[in-house]
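By convention in this document, chain letters (A, B, ...) are assigned in the order of the sequence lines, proteins followed by strands, and residues within each chain are numbered from 1. Since the model is a prediction, treat every value here as computed from it, not as a measurement.
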Number of protein chains: 2
Amino acid sequence: MLAIMRLPLRGHQTNETAMTARPYAAVLDRLRKAGLRPTRQRLTLARLLFEGVDRHVTAEQLHGEAEAAGFPVSLATVYNTLHQFTDGGLLREVVVEAGRSYFDTNTGGHHHFFDAGTGALTDIPGDDIVIGDLPAPPAGAEIERVDLVIRIRSRA
Amino acid sequence: MLAIMRLPLRGHQTNETAMTARPYAAVLDRLRKAGLRPTRQRLTLARLLFEGVDRHVTAEQLHGEAEAAGFPVSLATVYNTLHQFTDGGLLREVVVEAGRSYFDTNTGGHHHFFDAGTGALTDIPGDDIVIGDLPAPPAGAEIERVDLVIRIRSRA
DNA sequence: GTGTTTGCAAAGTGTTTGCAATTTA
DNA sequence: TAAATTGCAAACACTTTGCAAACAC
């Protein structure tokens, strides 16, 4: 329903390319380091997510991709896996729309453009925006991270 | 379920105070200016929202308050009204959690602390954080607004 | 009167959960 | 074989919608 913009970083490695039989030791290693058993389902999803360029996905979308790639995974497992990857630091959840979760393969500090009209989510490199001193958090709390979203609107 | 933090701004005018029979011409005027007929339901919700200090509410919460105040409004109408108020510039929707919408009576430029553990949402005045030059938006788009959320975690 | 608004109940969306069957180490 | 993982279907929380009755101007 919503189009999630692929990030035009370096090159255009497609997921077809990513899902060929070439070695995927890197992805396997990432799972192990996150303490997750490399099951068929998790490997499928990890390859779809991490073997191409950085991207943003919804659960629904990733579910469709796994199916299209010929390795169907149940939607419940996609949700579970996305959360396990997020807990393991492999993904970052981006909240821009109530009622839909986006997961970002770029876990480094960076920001986003979000167009509510089209649903497109685009990365902004961390050092493209300078944020001054942050105010002290309420007593007893510590800052976990700072999310900055620039909401944009496409001109008709 | 989630506690939405009241903002400790100036004084502590309770909603009980707000719902007494004192004149509410200001609220009535706000509705008219937003092009909304001042129906009983809209007046009830507007008084709950705007006659106290600035605050954040969910639909569910506001629905409960109207009921407690003795002016029940159906939940569907609360949702519709919150969106009409938002469209009319009387409220601002804050997205911090997928699956729940928060509405902020403070429509000026400002930021938020959000504690996902407690659900507490707290305002940060706009000029407490300096944001440097923004990057140019993608071609054909214009910047609508910038949302900055500092995610915090209460120390156990 | 005429168009707007309301409330209800039903439908919708995206997400999570319980649990038996399967898979991994 | 013991523990972790999966898939299904049902349950969930929140939100939106269709439509007849009630209301504002």
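The phosphate of D/dT16 (OP1 or OP2) has no side-chain N or O of B/Y79 nearer than 4.0 angstrom. For the OP1/OP2 pair of C/dT15 and a distance below 4.0 Å, the side-chain nitrogens and oxygens of A/S101 include at least one atom meeting the criterion. At D/dT6, one or more side-chain N or O atoms of A/T39 fall inside 4.0 Å of OP1 or OP2 (strictly under the cut-off). Phosphate proximity of D/dT16 to B/H83: present, with a side-chain N or O under 4.0 Å from OP1 or OP2. The phosphate of C/dT6 has neither OP1 nor OP2 within less than 4.0 Å of any side-chain N or O from B/T77. Listed pair B/Q41 / C/dG7 meets the phosphate criterion, a side-chain N or O lying under 4.0 Å from OP1 or OP2.
Below the 3.5 angstrom threshold, one finds no donor paired with an acceptor across the side chain of B/R37 and the base of C/dT5.
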Apply side-chain contact (heavy atoms from CB on, under 4.5 Å) to the pair A/Q41 and A/T81, showing each step before the final yes or no. CA-CA 9 Å; A/Q41 290 84 341; A/T81 303; 5.6 Å; no
Checking A/H110 against A/D128 for the side chain to side chain donor-acceptor pair (under 3.5 Å) test, could you report, in this order, the C-alpha distance in whole Å, the side-chain angles of both residues, the deciding distance, and whether it holds? CA-CA 9 Å; A/H110 68 283; A/D128 277 17; over 6 Å; no
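Among the nucleotides C/dT6, D/dA13, C/dT17, the one closest to the side chain of A/A76 is C/dT17. For B/N80, counting side-chain heavy atoms from C-beta on, the closest listed nucleotide (C/dG7, D/dT17, D/dA24) is D/dT17.
How far CG of B/L36 is from CG of B/L28: 11.5 Å, rounded to the nearest 0.5 Å.
A 3.5 Å limit on both hydrogen-bonding distances identifies C/dT4 as the Watson-Crick or G-U partner of D/dA22. Nucleotide D/dT17: paired with C/dA9 (Watson-Crick or G-U wobble, both distances less than 3.5 Å).
Nearer the 5' end of DNA chain D, as judged by each residue's closest nucleotide, is the contact made by B/L75, out of B/L75 and B/R32.
Considering only heavy atoms from C-beta on, A/R151 stays 4.5 Å or farther from B/I143 through its side chain.
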